[in-house]
*Asks:* 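For reference, the structure I am asking about is given below.
Atoms within each ligand, like the ligands themselves, are counted from 1 in listed order. Only a predicted model underlies this, so the values are computations on that prediction, with no experimental measurement involved. Side chains included, hydrogens not; waters and symmetry mates left out as well; all remaining heavy atoms used.
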Amino acid sequence: MHIMERAGGRNQTLIMEFILLGFGNPPELQPFLFLLFLVIYGLTMAGNILIVAVIVVDQHLHFPMYYLLGNLSWLETCYTSTLLPRLLASLLTGKRTISVKGCMVQMYFFGIMSTAESLLLMAMSYDRYLAICNPLRYTSMMNGRVCCQLVAGSWLSSMTTCSIGMILLLQMTFCDSKEIDHFFCDFSLMLQLACDETQTLELVIFAIATMWTFVPCLLTLTSYVCIISTILRIPSTTGRKKAFSTCSSHLIMLAIFYLTIITVYIVPTGITTKVLNKIFSVFYTVLTPLLNPIVYSLRSKEVNESLRKAFHKLSAFWNSHTILKHTF
Ligand SMILES: *[C@@H]1O[C@H](CO)[C@@H](O)[C@H](O)[C@H]1NC(C)=O
């Protein structure tokens, strides 16, 4: 066993493993939660993969807006997959320990995905802003190449910044307690267990979080303010209603994503309880990836049309297949 000399002269055991407390103790709740999250995970994966497939296959959808939607759906499948499989496994087996390294890996990928998500949502709102508020310049300012740059930029900048945070985190040792009262390796809870001085790291992470969460959040909101004010000037009532309903559903999703993240990470602990914190975390980690494809893609007429065509083709193919089988 490793013994650690603390600054205060106290000897403490170095921790190699954490215990993720998850949703608390009652074992009779476990099967119910397992089924609930299994269904949510299945639906999230199915919905998002369906959208990626439709957008990749259908030539009619090869436009920047749909490229961005496809990339968002792809990102959502990765995002939920950083958390849910592990949660499901621990609900099923009752095993709640996770190695410190495992915890860091989970946190690293989760950090990359959530940062990329917030940057991609910003890119999507920028695309809509150009299309609605600047329609004459849209084609010159948004094309396949710009779209590629936006997507690549989101991934690269989230990977770079999270890697910097990770390098600092890898030097941490943990010794205060083994228990993390959450269902995934949450960064702020993990830092509370560190034996070393965490101020520098906290500052770096705070800067990263501000840069990649607050700034995209503000820019996204600004785009939507411009979009809504343009929509309000549309003379026809039906056109206005339609544009407004699309916009408001996007805004609701953005509000859920950002408000819950900000409540969990920025509002000082003590004001929000631990239970409330976990419930809010479920919102931005589990429900956003489930609802985003529905709100962004399935409400779009073109995607719906394309899905309908695909199902027709599939059922026609299926029918001809069964007929062939019967005739031979
Ligand atoms: C993601 O964006 C790139 C660049 O615009 C595009 O080529 C690609 O098809 C998109 N991916 C999906 C799944 O839509």
*Asks:* Which option wins on minimum heavy-atom distance to atom 8 (C) of ligand 1: Val52, Asn48, Asn71, Leu69?
*Replies:* Asn71
*Asks:* Considering only the protein, which heavy-atom contact is closest to atom 9 (O) of ligand 1, and what is its distance?
*Replies:* Tyr67 CD2, 3.7 Å
*Asks:* Tell me whether the rings of Tyr79 and Phe110 are parallel (<30°), tilted (30 to 60°) or perpendicular (>60°).
*Replies:* parallel
*Asks:* Would you kindly say whether Ser281 and Asp186 are connected by a side-chain donor-acceptor distance under 3.5 Å?
*Replies:* no
*Asks:* Just jot down the ligand 1 atoms closer than 4.0 angstrom to any heavy atom of Cys147, in number order.
*Replies:* 5 (O)
*Asks:* Could you tell me the separation between the NZ atom of Lys95 and the CD1 atom of Ile19, rounded to the nearest 0.5 Å?
*Replies:* 11.0 Å
*Asks:* Give the table of side-chain donor-acceptor pairs shorter than 3.5 Å for residues 47-63, with sequence neighbours excluded, one pair per line with atom names and distance.
*Replies:*
| from | atom 1 | to | atom 2 | distance (Å) |
| --- | --- | --- | --- | --- |
| Asn48 | OD1 | Ser73 | OG | 3.2 |
| Asn48 | ND2 | Thr44 | O | 2.9 |
| Asn48 | ND2 | Pro289 | O | 3.2 |
| Asp58 | OD1 | His60 | N | 2.9 |
| Asp58 | OD1 | His60 | ND1 | 3.0 |
| Asp58 | OD2 | Ser306 | OG | 2.7 |
| His62 | NE2 | Ile55 | O | 3.1 |
| His62 | NE2 | Val56 | O | 3.1 |
| His62 | NE2 | Asp58 | O | 3.4 |

*Asks:* List ligand 1 atoms under 4.0 Å from Val151, heavy atoms only on the residue side.
*Replies:* 2 (O)
*Asks:* Among all protein heavy atoms, pick the one closest to atom 4 (C) of ligand 1 and tell me residue, atom and distance.
*Replies:* Cys148 SG, 3.2 Å
*Asks:* Excluding sequence neighbours, so at least two apart, what forms disulfide (SG to SG under 2.5 Å) with Cys103?
*Replies:* Cys185
